[in-house]
Amino acid sequence: MLHTFVAYVEDLPGVLTRVASLFRRLNININSLTVGRSERAGLSRLTLVCEASAEAGHRIRASLFKLENVVDVDDIAQAPSVTRELALIKVAASPRTRSQVFELVEVFRARIVDLAPESLMIEMTGVESKIEGLIQVLNEGEERVLEICRSGKMTMRRGHHTSSVLKAMGAGSSESPEPAEPDSEPVETLEDAAANEPE
Amino acid sequence: MGTNGQTQASNAHLTTPTRLTGAEILWATLVGEGVTTVFGYPGGAILPAYDALRKFPIHHVLVRHEQGAAHMADGYARASGKVGVAIATSGPGATNLVTGIATAMLDSIPMVCVTGNVSSKVLGTDAFQEVDITGITLPVTKHNFLVNRTEDLAPALRHAFQIAVSGRPGPVLVDITKDAQQGTAIFDFAAAKPRPYRPHPMLCVEESGLAHAAELIRNAKRPVILAGHGIMESGAMEQVRTLAERAQIPVGLTLLGLGGFPASHPLNLGMMGMHGEAWLNHAIQEADLLIACGMRFDDRVTGSTSTYALKAKKIHIEVDPAEINKNIKVDVALVGDLREVLEKLLPLIPGRDGSAWLKTIDSSKGAVAVRDIKNLPDDGHLYAAHVIHDLWRITGGNAIVVTDVGQHQMWEAQYYHHEKPRTLITSGGLGTMGFALPAAIGAKFACPDREIWVVAGDGGFQMTAAELSTIVQEGIKINIAIINNGYLGMVRQWQEFFYEGNYQSTPLLSPDFVKLADAHGIAGRAVRARAEVAGAVAAARSAPGTFLLNFLVEKEESVYPMIPAGSALHEMIRRPGNDPLLELPDDK
């Protein structure tokens, strides 16, 4: 199954190697890894996604905690959470063929962030499946995809929702700890709208 | 070693912040951490440190190979329970430590290794004798530090000591660049104290878990305690014994657990696993409850995990959360320090009658124990089992025995009966040949008044035999028993059992070990018959200096019982001529 770990690690040289080395030792491939500053001074926050057996989650989390530079580890597992990925996609497009790409970008609620005579760059934020979707449609089209740069997933647990909030979001009134669907559609819509506000 | 005046001067550094060089800070910090002996080998990148050593009350043991330094620090730690310290220079000095560091890691031994490195301005340039030792040792240390600023040195070293001993102990490496040794900084020992130790956040000993464990113990009909190295690390000898005696539960030990529960105790069933006692392995397979105390269900202990103790509920008391459900799924996990957990559990355990189950196990020992090789009449052959058994008798079981790895190690575990903790020092997890001689030197420095015996094979002894010179230079006395069968014996045994007797590359030519000892100024004697064993052991014990005994034993003897790798715990190869154990009655 797919595991998602969120960890706070000390912002020091070599810490990433220690984290990565643990997964190498366990022969687990890291699907994606994002690291950046967090709200806590001197600590980086990372989101690590990997494929491993269901039972492996406990041992990975316990082993991560054994690393001296790891301060906190959360195994998101199936907990309600928001996951996003950022992609930059450069597409070959001449002034003549641009308009097709513009249409696609509109449909996917992505944005054009760079425009050159021979190419343009698309920025898109969303769940993995949406980004995959855009890339697939681009590949099927006439324009050649020149470069893809993806951030990997970033994940944050959802707050502890009251039933009225869930209702307002159209997600039903249950506070079930069952994940239901992370990124369930109604919620998705609300947040996508926010994420796509003009800068 | 420093004079008294110098000693006092260096101790003053511990109370008054003083400007010192990095080299001085290194030693001053070690003094502050209670270190009196280090094992090392100098070289270019660690020379500033060596230059400052004479000012400090620390005894430096010059080894002959850095692997020896690491094993000595390891042996020192195993014998004393304190942190062992090894020192090496950069490059090859550092890489030579790696086998010893991995040995300590696999057996959870607290150790601090200090290495020099090239100056920080040439780090990463492939400078002479530069190696990325923090990168190399990352997977075989609990943690490591690269220190390239003098002011970071004391905090890193103090943190290293904290990490080495806390939780599940292990080795820590501190790599110090040459310029960090040469520079100066204000040394403030107290201020360099590490942040408070943070216990693993997943430690978990809940009331409900304790109650569940107690209920399982109360209701068990065929319980067995499986006790490991954690008894020693946690100092839980009394608690395990109380649990066993009060609830009348028999105790099986792992290799590293030997000595944690007295061998002569009526509830002691001996060692479990691949070369463990047959009655114990059968008892585990028949048990309805296993209480695992400070052990990790290593593959040498379980045999095939899919057939391991299928009838038993399992309680796992373990300090490392990453060990829970790693090899064997357990029903109750009490994740914490063994002694603390048992102290919470014991009040919930009432007295219990275990006689029926104990009787069943006892009857399964039967004829096998009586016809054991050690009881066979002297037929003129010298068997390793005889040697070990006689050594045990003559030393009264009071020696610290340091073994190498292989057949002799298993015979030691079977025939030397350890009554007290820290009397068997052996490389269990990594199985490092060449461990015995240097580890014994370390043990001698930890326990100078104890009788120390090296028990090594002819193969492993030659891997680190150069440390004989270290013994002579240090003027220490240890006793050395080489179990010499002219083969890499354990490998030969596997070839006999599993490779159709194709003894490829296992026959081994050795020097005359007695002459080799003599060349070092060490006395020795060859022993060829059982009748000579007692006299030879007595001669070694009474000799003023180190004494080497070369026991020329039966060449193609094998260790029994043996569970072939991947087989079930009860599928043991038995000594030819011994009847298989009687099937245990099913008392369900």
Side-chain angles (χ1 to χ4, degrees), chain A residues 1 3-30 33 35 38 40-48 50 52-77 79 157, chain B residues 102 105 108 120 123-124 132-149 152 155-156 159-164 166-175 194-195 197-204 296 316 318-330 333 335:
Chain A
M1 65 174 271
H3 292 271
T4 304
F5 297 95
V6 171
Y8 285 84
V9 302
E10 289 179 296
D11 188 9
L12 294 171
V15 173
L16 198 55
T17 309
R18 294 175 193 278
V19 172
S21 182
L22 171 65
F23 287 84
R24 174 191 57 75
R25 251 214 86 190
L26 298 175
N27 196 26
I28 293 171
N29 186 41
I30 297 173
L33 173 61
V35 192
S38 71
R40 295 153 78 172
L43 296 185
S44 300
R45 176 178 171 129
L46 61 84
T47 305
L48 190 150
C50 65
S53 68
E55 308 88 65
H58 169 88
R59 188 170 169 221
I60 293 171
R61 182 161 173 257
S63 302
L64 279 168
F65 265 128
K66 282 166 71 174
L67 299 176
E68 193 59 29
N69 304 113
V70 172
V71 174
D72 205 357
V73 185
D74 190 6
D75 182 356
I76 300 291
R157 272 182 191 264
Chain B
M105 184 69 176
S108 309
S120 56
L123 265 184
D132 173 16
I133 195 62
T134 46
I136 288 171
T137 58
L138 191 144
V140 292
T141 50
K142 257 188 101 175
H143 191 63
N144 59 29
F145 297 87
L146 170 58
V147 178
N148 54 17
R149 299 190 316 168
D152 296 339
H159 197 177
F161 275 81
Q162 183 199 56
I163 294 168
S166 56
R168 179 178 179 175
V172 183
L173 181 131
V174 183
D175 192 29
R195 66 187 175 212
Y197 168 62
R198 180 185 57 121
H200 195 295
M202 290 163 74
L203 296 184
C204 176
R296 59 186 175 95
H316 198 180
E318 165 62 43
V319 74
D320 180 356
E323 291 293 347
I324 305 298
N325 293 328
K326 184 177 88 174
N327 297 336
I328 297 290
K329 274 229 175 284
V330 298
V335 192

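FYI, side chains are in, hydrogens and waters are out, and symmetry mates aren't considered; it's all heavy atoms of this structure. Every chain is numbered from 1, with letters handed out A, B, ... down the list of sequences.
Heavy atoms of Arg61(A) lying under 4.5 Å from chain B belong to its backbone as well as its side chain.
The choice from Lys142(B), Lys329(B), His159(B) that makes the most heavy-atom pairs within less than 4.5 Å of chain A is His159(B). Chain B forms the most heavy-atom pairs under 4.5 Å with one residue out of Asn69(A), Asp72(A), Ile60(A), and that residue is Asn69(A). Most heavy-atom pairs under 4.5 Å with chain A: of the set Pro201(B), Pro321(B), Gly135(B), this distinction falls to Pro201(B).
Counted within 6.0 Å of CZ on Arg25(A), heavy atoms from surrounding residues, nucleotides or ligands total 12 or fewer; the atom is thus considered open.
The pair Glu323(B)-Lys66(A) does not meet the salt-bridge criterion, since no charged nitrogen lies less than 4.0 angstrom from a carboxylate oxygen.
For Asp175(B) and Thr134(B), the side-chain atoms include no donor-acceptor pair closer than 3.5 Å.
Distance check, rounded to the nearest 0.5 Å: CD1 of Ile324(B) to NE2 of His316(B) gives 5.0 Å.
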